[in-house]
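Inspection log for the structure reproduced underneath, given as structure tokens.
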Amino acid sequence: MNPMNMKNTILYLTLAALILAGCARDPKIGPNDANKLYLDSWIQVNHPDAAITGLGAYILEDTPGTGITPGSADTYPYVRVAYTVRSLDGSVQSTTDEELSKRLGTYTANESKCPYYGPVVWSRTGNALVAGLEEAVSTMSVGGHRTMLLPGWLLGVDASTNMSIRYKTAEEYLEKVKGGSPVIYELTLTEAFADVQKWQVDSI
């Protein structure tokens, strides 16, 4: 059996197990149990050596930077990042990469509609970043590049405040946050700074 057929077979068996599990009437089944089982199988097939973060994201590739590590949002409440977001099948959902956008045919040079290409500033204040991204940028160093899979439960946002949901443990996210589809983030951390107004002036 070739590797691709083997991968498909494993995923199909996993899906079959999920369907059977869904038929059970066990009230103890959590909101993300089926998705967790699928993701674990996907990782085992595609990235068996992936590292798991403290909150339960999967680091697929990691090239450390040599600059500062942002750590707490209280110290460095702003970071500047370049990113590409993909679904599990590799389809690009969004990107700050101009060349990639041109290759995909999504680039536009219309000034009134053209998205910004290049690193963007993310605020970390007030739980502005979803938990999975906050964990990522807090542990990367400037100049570093990381590719990671974020489960849906680490992308959860409170509907009333539109702010990221925060818990202390991976178990709490898994048990309490009903997330959407998982995504793969390719992140490059280019800067971390405390004063966004000073940064804007310095950048002019």
Side-chain angles (χ1 to χ4, degrees), residues 47 49-88 90-152 154-157 162-166 173 179-204:
H47 295 276
D49 297 325
I52 302 177
T53 70
L55 292 184
Y58 302 87
I59 298 177
L60 310 183
E61 296 179 11
D62 195 36
T63 302
T66 57
I68 60 174
T69 300
S72 168
D74 294 334
T75 305
Y76 291 102
Y78 300 95
V79 292
R80 193 163 176 250
V81 299
Y83 66 86
T84 295
V85 185
R86 301 178 187 270
S87 57
L88 293 191
S91 301
V92 175
Q93 296 183 354
S94 62
T95 185
T96 61
D97 186 325
E98 182 175 341
E99 291 305 314
L100 176 58
S101 185
K102 287 178 178 178
R103 291 200 302 271
L104 294 172
T106 57
Y107 175 82
T108 174
N110 185 324
E111 292 185 2
S112 63
K113 297 181 180 179
C114 182
Y116 172 80
Y117 294 105
V120 296
V121 174
W122 282 350
S123 170
R124 303 170 64 201
T125 61
N127 295 350
L129 283 183
V130 294
L133 290 178
E134 171 58 30
E135 182 187 34
V137 299
S138 70
T139 57
M140 294 177 67
S141 295
V142 170
H145 178 82
R146 180 175 292 176
T147 300
M148 60 193 308
L149 189 159
L150 300 183
L154 293 182
L155 301 169
V157 175
N162 201 36
M163 304 301 282
S164 173
I165 298 172
R166 288 288 197 270
Y173 282 102
S181 300
V183 292
I184 295 173
Y185 263 87
E186 299 169 6
L187 291 172
T188 300
L189 180 61
T190 62
E191 289 183 79
F193 48 94
D195 189 334
V196 69
Q197 291 184 333
K198 182 179 183 302
W199 177 86
Q200 289 172 336
V201 171
D202 291 344
S203 300
I204 294 175

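Counting all heavy atoms, side chain and backbone alike, Ser164 lies closest to Arg166 at OG-NH1, 2.5 Å. Across every non-hydrogen atom of Pro70 and Val79, the tightest pair is CG-CG1, 4.1 Å. A pairwise comparison of heavy atoms in Ile184 and Ser87 identifies CD1-O, 4.2 Å as the closest pair. The shortest non-hydrogen separation linking Gly71 to Glu134 is O-OE2, 4.4 Å. Nearest heavy atom pair, residue Leu187 against residue Ala136, reads CD1-CB, 4.0 Å. Shown here for Gly56 and Pro151, the closest heavy-atom pair between the two residues is O-CG, 3.5 Å.
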Output a table of donor-acceptor pairs, distance under 3.5 Å, between side-chain atoms of residues 188-195 and any protein atom two or more places apart or on a different chain; print 'none' if there are none.
from   : atom 1 : to     : atom 2 : distance (Å)
Thr188 : OG1    : His145 : ND1    : 2.8
Thr190 : OG1    : Arg80  : O      : 2.9
Glu191 : OE1    : Trp199 : NE1    : 3.0
Glu191 : OE2    : Arg80  : NH1    : 3.1
Glu191 : OE2    : Trp199 : NE1    : 3.3
Asp195 : OD1    : Gln197 : N      : 3.0
Asp195 : OD1    : Lys198 : N      : 3.0

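Within the model, atoms CD1 of Ile68 and OH of Tyr76 stand 3.5 Å from one another, a figure rounded to the nearest 0.5 Å. Here the CG-CH2 distance, from Leu133 to Trp122, works out to 4.5 Å after rounding to the nearest 0.5 Å. To the nearest 0.5 angstrom, Ile165 atom CD1 is 10.5 Å from Leu155 atom CG. Atoms CZ and CG, on Arg103 and Asp97 in that order, are 6.5 Å from each other to the nearest 0.5 Å. Atom OG in Ser141 sits 8.5 Å away from atom CZ in Arg146 (nearest 0.5 Å). Interatomic distance, Leu129 CG to Glu135 CD, rounded to the nearest 0.5 Å: 12.0 Å.
Val130 is not listed as a side-chain neighbour of Leu154, based on a closest heavy-atom distance of 4.5 Å or more. Using a 4.5 Å cut-off on side-chain heavy atoms (C-beta onward), Thr96 and Tyr117 make no contact. Within the 4.5 Å cutoff, the side chain of Leu149 has no heavy atoms near those of the His47 side chain.
A salt bridge links Glu98 to Lys102: one of the charged nitrogens lies within less than 4.0 Å of a carboxylate oxygen.
Heavy-atom neighbours of Gln93 CD from other residues, nucleotides or ligands within 6.0 Å: above the threshold of 12.
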Test side-chain contact (heavy atoms from CB on, under 4.5 Å) applied to Thr139 and Thr69, step by step: CA-CA 6 Å; Thr139 57; Thr69 300; 5.5 Å; no
